[in-house]
Amino acid sequence: MGAVKGEGALDGGWGWMIVVASFMAQFLSFGSPQSVGVLYPKWLSAFQEGKGMTAWVGSMVSGVALITSPVCSACVDNFGARPVTVFSGVMVAGGLMLSAFAPSVSFLIFSYGIVVGIGCGLVYAATLTITCQYFDKRRGLALGIVTTGTSVGGFTYATLQNELIEMFGLEGCLLIIGALALNLMACAGPMRPLNLPGYYLKQRAVLQRTEEPETLYTKPTAIIIDSDLKTTPSSADNTATIKLLILKESTELQDSEGERQGGILSCSIVARAIKKRMRPYGRYLVEAVELLQDRIFIAFCIAIFLFSLGAFPPVLFMEDVAQSEGLIDGIALIPLVSIVAMTAGIGKLVLGVLADMQWVNSLYLYALTLTGTGAALLLIPVAKSYMGLQVLSAVVGFFSGNWSLTSYITTKIVGLERLSQAHGILMCFGGFGITLGPPVVGWFFDWTQSYDLAFYFSGTCVLLSGLLLFLATLPCWNRMSEEGNSAAKEDINTSQQPTLDCDKVASVA
């Protein structure tokens, strides 16, 4: 596993191969989950389960992919992007093929929702991490291109899965889609790391170690005593120092040795082994707590949670809104979900380019996208025509392209060294929002038999997330902290130099 070294590897060269491979990886892994709405009616008719129970399949695959992000990021840190992407190909392909033989919806929740979801989470963490490593000045553009793979995959797989279902049935469709997902292993080939991951560094250190391991317990066998003795003229062989060797082989030592080996020694070995194994996990938790103490980062996490809670469910229900309101009969030639997917891809590219501009603050740009999404969601119940819903869907989709900014902003907040861990925590917040969003919106619809209150709730959550992030990043917070620090320094200087202040007062008098 060769590593690419040097600053020349950044912002070009092999980095564009990384972008192409990462784009295809997200295309192949997220294509089916992003177009799960095509499979949803087929599962309803095949298993005769309720809509709420069947909807958990699509909700779990997206939620699990983000909730498991901390674990996936830790895997990327330890093993690298290439092995993780290969393993994710096995997970995604295996889960899709296993879903073809699902006997119930509960099995689908496991095979499609959990197994495929974990595979998608591994791909997402690996592709974003390796892309951020290869790009600095053009990082926003590169991330925009990579994350567009999910939108292009959702738009393409929607039509592809429809055709495959017509030709081979639901089972044949899932088997073919799973076979296509095996190409994720080929996408892992170009992902050469800039630096060797932690696991390989540990293995190299073990191989290069030449010192003997330190023994846990050493039996004292001898004691050397130095004593100064007076010499006599008649004994020429006598020296100033005589070394006396006293062997310790008493029965008391032998008895205590057996006790130590049976009790204290064994306990110390186990304790030391457990401590050595748990040290990385403890360090990870300490670093996670330090990240969550950062004001901007915790505000970013809460904003992601509220955005995922409010913006994800309405996209799934927009077409049903149009049909229930009588704005369209049947299914449109270009469904609203497809409009959202197309405009989201455009938004990822445009927002990625804007983030690279020096005069653009990426945090304020992200807060602006949250505000625009919330305003569009609040206007959906007011729209009385299908054209209006199409326009609002395009606006929601364009601003939903802000997912391409998450890694970029995270790097700005915590730095490239802690990107994987911070991005995993961030995606965990988003995963909980996506998982809880559809049940909450469904509960509002069951309670009121209308989507109006559900969309008002969703729009309010997204607006609050934008307002929270905007307030948390105001410059006044930094100014207040700087003034507090300067005042504290002045107090310290005053307490440490009382004589100087007295001299100043005396001179003025």
On a heavy-atom basis, the closest approach of Ala422 and Thr410 is CB-CG2, 3.6 Å
Interatomic spacing from CD1 in Ile145 to CG in Leu141 - rounded to 0.5 Å
4.0 Å
Please round to the nearest 0.5 Å and tell me the distance separating atom OG of Ser111 and atom CG of Leu174.
8.5 Å
How long is the straight-line distance from OH of Tyr408 back to CD1 of Ile413, given to the nearest 0.5 Å?
12.0 Å
Between Lys348 and Thr147 (side chain of the first, backbone of the second, donor and acceptor by atom type, cut-off under 3.5 Å), is there such a pair?
yes
Could you tell me if the side chain of Met17 sits less than 4.5 Å from the side chain of Tyr134, heavy atoms only?
no
What's the shortest heavy-atom distance between Gly95 and Val115, and which atoms?
CA-CG1, 3.8 Å
What is the minimum heavy-atom distance between Val123 and Ser29, and which atoms define it?
CG1-OG, 3.5 Å
d(Leu108 CG, Phe101 CZ) to nearest 0.5 Å is 12.5 Å
Looking at side-chain heavy atoms only, is the closest gap between Leu377 and Val462 below 4.5 Å?
yes
Is a side-chain donor or acceptor of Thr435 paired with a backbone partner of Phe432 at a separation under 3.5 angstrom?
no
Taking ring-ring contact (aromatic ring centres under 6.0 Å, His included) as the test, write out the residues that go with Phe470, two or more places apart.
Tyr364
Less than 4.5 Å apart, side chain to side chain, heavy atoms only: is that true for Leu182 and Met97?
yes
Does Tyr112 reach the side chain of Pro33, with side-chain heavy atoms less than 4.5 Å apart?
yes
Sequence-distant partners of Ser362, side-chain hydrogen bond (donor to acceptor under 3.5 Å, both in side chains), two or more places apart:
none
ring-ring contact (aromatic ring centres under 6.0 Å, His included) with Phe27: which residues, sequence neighbours excluded?
Tyr157
Quick one: does Met185's side chain get under 4.5 Å of Val90's, heavy atoms only?
yes
Say you draw a straight line from CG of Asn402 to CD1 of Ile304; how long is it, rounded to the nearest 0.5 Å?
7.0 Å
Residue pair Phe307 / Ser400, side-chain heavy-atom distance below 4.5 Å
yes
Is the backbone of Gly189 close enough, under 3.5 Å, to the side chain of Arg82 for a donor and an acceptor to pair up by distance?
yes
Nearest non-hydrogen partners of Ile130 and Arg192, listed with the distance
CD1-O, 3.9 Å
Value for CG (Leu468) from CD1 (Ile302), rounded to nearest 0.5 Å, stands at 5.5 Å
Looking only at the aromatic ring of each residue, does the gap between the centers of Trp403 and Tyr124 stay below 6.0 angstrom?
no
For the student: nearest non-hydrogen atoms of Val340 and Thr343, plus distance:
O-OG1, 3.2 Å
Is Thr129 reaching over with its side chain to a backbone N or O of Ala126, donor-acceptor style, under 3.5 angstrom?
no
Report yes if some heavy atom in the side chain of Ile67 is under 4.5 Å from a heavy atom in the side chain of Ile434; otherwise report no.
no
Sub-3.5 Å donor-acceptor pair from the side chain of Tyr366 to the main-chain atoms of Ile409, do we have one?
no
Between the main-chain N or O of Leu128 and the side-chain N or O of Thr131, is there a donor-acceptor pair closer than 3.5 Å?
no
Between Phe79 and Phe87, is the ring centroid distance below 6.0 Å?
no
